[in-house]
Amino acid sequence: MSDVQQPAEPHETPHEEEVNASLETLDKDNEMERGLSNRHVQFIAIGGAIGTGLFLGSGKSINLAGPNIIFVYILVGGIMFLMMRAIGELMYRDPSQHTFINFIRFYLGDGWGKFALWSYWIVLILIGMTEITAVGQYCVTFFRTLGYDVSAWKGLIELGFLLLLVMINLIAVKAFGEAEFWFSMIKITLIVAMIATAVIMLVCGFKYNAVQVPGQDHVSPAGSVTLDNLTRGFSLAPNGWLAFLMSFQMVFFAYEMIEFIGVTVSETKNPRKVLPKAINGIIVRVLIFYVGALLAIMTIVPWRNFRPNKDGSFASPFIMVFEYAGANWAAALVFFVVVTAAASSLNSLLYSAGRHLYEIAEDSPSPTIAKLGVVSKTKVPARAIIASAILVLLSPVIEMIPRVSGAFVMFSSASSAVIIFIYILTMIAHYRYRNSPQFMANGFRMPAYRVLNPLTTAFFVFIYCTLFIGADTRGPAIAGLVWLVVFGGYCVLHERFQNRDLKQSIDSAGDAHA
């Protein structure tokens, strides 16, 4: 690829200066601007770890596993941290790469690289389509809490949001970094405020009356804020072991896109200094923002009070906490933050999708797709960002066609399953790297990789297996396997036959010359 310097092939022995190449050497073909500062990257890492799942989905997680959900969040967070250490080591080796997925191609071959790159970009588009739909729905809900019905404007709201985020992405990478900084700041502020509220209520021995929580079709009972709410009626698997196992997949998907920092490195100032700090801080963020929030929630609301509505949905635990505290404006506040979280996710998805489509275009034999591999005057892949945004904008259109909409729900659900394949391939690529001549001994190394790398890979396989437990995730899991076999098989076989034909052509040319 023209814009990056690829590591030497495994059978070659690189020179010492190549292995320890300076950033200037690696960056000689990097057309993008290093406009992201340490502050930007730190908050991008936080934003990647905190999505709408914590604000809206944690109620269902608590219902499935009870207080044990804290240990599930810690365990899954620890595994995701190990994956980030693997990605961090690869990106530290060559910070000029626009995505960590390039290393799959370097160490597993062009076939798996093509599969991973295309699959990841498609996944980003599908998630983006669900996020833009969510933004519209959250806005409708948010204004409804204020007494306004804007449901007729839902499509225009979605279009406006998308256009605004596209503009931010097109201005410059620094503008994107600033937007993510403030999006993350809003999310962090709500979490810290909720934890502080819980501490004050606990110290005061706060008691609350029964309340009708917005988004809940039954009345939440009265109670008091006490640590006993965490342990009363404790059970390892309060709803059975299958429900406990299903909680792992829910928590895993809450952490989804945490790897986003592995797409920003080629546009980060001083990446070999900033990257280790950002990744090592992930485990602290997990403990504070996820575990701290869950402890605060279950100290106020007894975990057995998290019951589903008739339609299977759950009220936001954050809304419940603030409602118990007497903040009647809590629903509006939380929905505002959820809208912000969804906008942050969509902003990051546009950024990442643009970079991945740019990578695809750079290596594509198709003249049409190759036209997308162009960097604008502001040093961003503008064409790739716009093309990705146009596809995301198809979401409102798809919603209007019932049969197509049903298939879209299946595919978008399967996208989460496909991400697990990407994670597994990344871990295998990292293991290959550690045993290759390109290994950088003085780099940002993943500790005990011979044990922790296979352990992380095995855990991702376990998560995929849990998808077959629930009826709502079994279909997407099967669809994901079909995608792996069909598209993955095509990519690998196409590379193999292409290489065989090339070898035969070279041999034939050699015989003719002889």
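Minimum heavy-atom separation, T473 to T466: OG1-O, 4.5 Å. In terms of heavy atoms, V392 sits closest to G128 at CG1-O, 3.6 Å. For the residue pair Q97 and N102, the shortest heavy atom distance occurs at OE1-ND2, 2.8 Å. Heavy atoms only, all atoms of each residue included: A193 and F322 are closest at C-CZ, 4.3 Å. When all heavy atoms of R93 and Y433 are compared, the pair lying nearest together is CB-OH, 3.7 Å. For I101 against A116, the heavy-atom pair with the smallest separation is CG2-CB, 3.7 Å.
Residues W112 and V492 form a side-chain contact, since some pair of their non-hydrogen atoms from C-beta on lies under 4.5 Å apart. Side-chain contact between Y358 and W121 is absent, with no heavy atoms from C-beta onward closer than 4.5 Å. L425 has its side chain within reach of L108: a pair of non-hydrogen atoms, C-beta onward, lies under 4.5 Å apart. You'll find the side chain of N435 stays beyond 4.5 Å of the side chain of F439, heavy atoms only. Side chains of I191 and I188 form no contact here, defined as non-hydrogen atoms less than 4.5 Å apart. Side-chain contact between L124 and S388: absent, with no pair of heavy atoms (C-beta onward) separated by less than 4.5 Å. E256 is listed as a side-chain neighbour of I127, based on a closest heavy-atom distance under 4.5 Å. Counting only heavy atoms from C-beta outward, the side chains of F252 and F460 approach each other to under 4.5 Å.
Between the side chains of Y423 and E259, at least one donor-acceptor pair of N or O atoms lies under 3.5 Å. For W182 and T340, the side-chain atoms include no donor-acceptor pair closer than 3.5 Å. No hydrogens or angles considered: a donor-acceptor pair under 3.5 Å links the side chains of R85 and N280. If you check the side chains of N270 and N38, you find no donor sitting under 3.5 Å from an acceptor. Side-chain N/O atoms of H430 and E89 include a donor and acceptor closer than 3.5 Å. Using a 3.5 Å distance cut-off with no hydrogens or angles, the side chains of E495 and Y490 do not pair a donor with an acceptor. No donor-acceptor contact under 3.5 angstrom links the side chains of S366 and S364, judged on distance only.
Judged by distance alone, with hydrogens and angles left aside, the side-chain atoms of R34 form a donor-acceptor pair with the main-chain N or O of V265 at under 3.5 Å. In this structure a side-chain-to-backbone donor-acceptor pair under 3.5 Å is missing from T456 to L82. R434 places a side-chain N or O within 3.5 Å of a backbone atom of M446 that can act as its donor or acceptor partner. For the pair H40 (side chain) and S37 (backbone), a donor-acceptor distance under 3.5 Å is present. With hydrogens and angles disregarded, a donor-acceptor distance shorter than 3.5 Å links the side chain of T426 to the backbone of I422. In terms of modelled atom types and a separation under 3.5 Å, the side chain of N347 and the main chain of A343 share no donor-acceptor contact. Side-chain atoms of Y255 come within 3.5 Å of backbone N or O of Y73 as a donor-acceptor pair. Under a 3.5 Å cut-off, the side chain of N453 and the backbone N or O of M427 do form a donor-acceptor pair.
Taking CD1 of I319 as the start and CE of M194 as the end, the distance is 12.0 Å to the nearest 0.5 Å. Between S316 atom OG and F335 atom CZ the span is 7.0 Å, to the nearest 0.5 Å. The line from CE of M91 to OG1 of T264 is 7.5 Å long, rounded to the nearest 0.5 Å. The structure places OG of S58 at 9.5 Å from OH of Y290, a figure rounded to the nearest 0.5 Å. With values rounded to the nearest 0.5 angstrom, I279 atom CD1 is found 5.5 Å from I261 atom CD1. For the atom pair OG of S352 and NE2 of H98, the computed distance is 12.5 Å after rounding to the nearest 0.5 Å.
For Y120 and H356, the distance between ring centers is under 6.0 angstrom. Annotation: F100 is not in aromatic contact with F103 [ring centroid separation under 6.0 Å not met].
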TODO: Show your reasoning for whether side-chain contact (heavy atoms from CB on, under 4.5 Å) applies to M257 and I419.
DONE: CA-CA 9 Å; M257 308 310 291; I419 276 190; 4.0 Å; yes

- [ ] Check step by step if side-chain contact (heavy atoms from CB on, under 4.5 Å) holds for I258 and I282.
- [x] CA-CA 9 Å; I258 195 175; I282 288 175; 3.8 Å; yes

Open item on the list: What verdict does the side-chain contact (heavy atoms from CB on, under 4.5 Å) test give for V380 and V375, after you've listed the backbone C-alpha separation in whole Å, the side-chain angles of each residue and the deciding distance to 0.1 Å?
Closed with: CA-CA 5 Å; V380 298; V375 174; 5.8 Å; no

TODO: Please lay out, stage by stage, how I104 and F115 fare under the test side-chain contact (heavy atoms from CB on, under 4.5 Å).
DONE: CA-CA 10 Å; I104 295 175; F115 166 79; over 6 Å; no

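Partners of R383 by side chain to side chain contact (heavy atoms under 4.5 Å, CB included), not counting sequence neighbours, listed by chain and number: K371, L372, V374.
Using a 4.0 Å cut-off between charged nitrogen and carboxylate oxygen, R355 and E267 count as a salt-bridge pair. Using a 4.0 Å cut-off between charged side-chain N and carboxylate O, E33 and K174 make no salt bridge. Checked for salt-bridge contact, E359 and R105 miss the test: no charged N lies under 4.0 Å from a carboxylate O. Contact check on K154 versus E158 returns a salt bridge, with a Lys/Arg side-chain nitrogen under 4.0 Å from an Asp/Glu carboxylate oxygen.
No option in V41, I44, I168 other than I44 meets the side chain to side chain contact (heavy atoms under 4.5 Å, CB included) test with E180.
Applying the 6.0 Å contact sphere to CZ of F462 captures more than 12 heavy atoms from other residues, nucleotides or ligands.
Judged by the 6.0 Å distance and 45° axis criteria, R39 is positioned over the aromatic ring of F181.
Taking the six-membered ring where the residue is Trp, F260 and F176 present perpendicular rings, their angle passing 60° and hence far from 30°.
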